[in-house]
Amino acid sequence: MTPTDRHLDATFTALADPTRRAILARLASGEASVTELARPFAMSQPAISKHLKVLERAGLISRGRDAQRRPCRLKAAPLADAAGWLEEYRRFWEGRFQRLDALLDEMKTAGKKAGARKIRGKDR
Amino acid sequence: MKQSGALKITAQGEREIVMTRGFEAPRNLVFDAFTKPELLKRWLLGPDGWTMPVCEVDLKVGGAYRFVWRGPDGMEMGVRGLYREVAPPDRLVHTEKFDQAWYPGEAVITTVLAEQDGRTTLTATILYESREARDTVLKSPMESGVAASYNRLAALLASAG
């Protein structure tokens, strides 16, 4: 596993949890302390700190050195990498499958018409 | 616009990409659309403006397929492979290797079609030779692969001029 792989794995793991995604969303509007971040969740501060550790390890947030507040800040670059990945690939294939949807509709209609002709005895 | 099962693409394990998609059609039609040249040419296209001048399918175990797409400037992208399993209407396994080798090595694609109430769920698992190959695909999808080919051609023309 290359360092890049480990980095992306950590990013995806970090994003896989709804609480962590909510934390990132909150930090998008500005830095916050652990206390402030814990407030919307029915969760203890140690529990929130666990989530923050995962986010920090993934390089998605940085935590200030101020012992009292230790404000957390969002680091945007790793998120941009992770988001770019699958989306382009998915868009390309979705275009193809939408054309396939239209083709399958045609095929179903053609099949029904052929069936109707048989019933009316028009096929030899 | 009717609902189709939304396209899901996920990286799986070290070397795989899995695509799932629902279709409002029985699976024999979906299988045909994946294996008959006259049907493939209708949907397995590249970005806008690209055609598919070559679409050959020898649908049997050990049989070969060959697809070539051509862009507006005459730029071409080709792929070929062999069929390993052919079991209509539910299973198709084939290899894939692009002429331009925009990912290293060869991939093996397993396509499974499951049908319920006239709807088909397609699950395609693409197994790459290495993690690097799989990750290259995710980071540089078809359009980028094509763009990379264009860049190479442009560089070649610039050096020849």
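Throughout, protein chains are lettered first and strands after them, A, B, ... in sequence-line order, and every chain is numbered starting at 1.
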ILVMFWY cluster, Val57(B) and Met107(A) together (side-chain gap under 4.5 Å) | yes
Measure the spacing between CZ of Phe23(B) and CG of Leu104(A) and express it to the nearest 0.5 Å.
-> 6.5 Å
Could you state the interatomic distance from CG (Asp32(B)) to CG (Leu103(A)), rounded to the nearest 0.5 Å?
-> 10.0 Å
Is there a donor-acceptor contact under 3.5 Å from the side chain of Lys108(A) to the main chain of Glu24(B)?
-> yes
Single-linkage hydrophobic cluster Leu59(B)~Leu100(A), side-chain heavy atoms < 4.5 angstrom = yes
So do the side chains of Arg96(A) and Leu45(B) get within less than 4.5 Å of each other, counting heavy atoms only?
-> no
Glu38(B) atom CD, over 12 foreign heavy atoms within 6.0 Å = yes
In terms of hydrophobic clusters joined by side-chain contacts under 4.5 Å, are Phe98(B) and Met19(B) together?
-> yes
Minimum-distance pair of heavy atoms, taken over all atoms of Ile9(B) and Arg90(A) = CD1-CA, 3.5 Å
Engaged part of Leu39(B) at the chain A interface, taking heavy atoms whose separation is under 4.5 Å = both
Are Asp101(A) and Arg21(B) side-chain neighbours, meaning at least one heavy-atom pair lies under 4.5 Å?
-> yes
Are Leu82(B) and Leu127(B) grouped together when hydrophobic residues (ILVMFWY) are joined by side-chain heavy atoms under 4.5 angstrom apart?
-> no
Take the angle between the ring planes of Phe97(A) and Phe34(B) and call it parallel below 30°, perpendicular above 60°, tilted in between.
-> tilted
Give the cluster check for Ile17(B) versus Leu92(B): same hydrophobic cluster or not, with ILVMFWY residues linked at side-chain heavy-atom distances below 4.5 Å.
-> yes
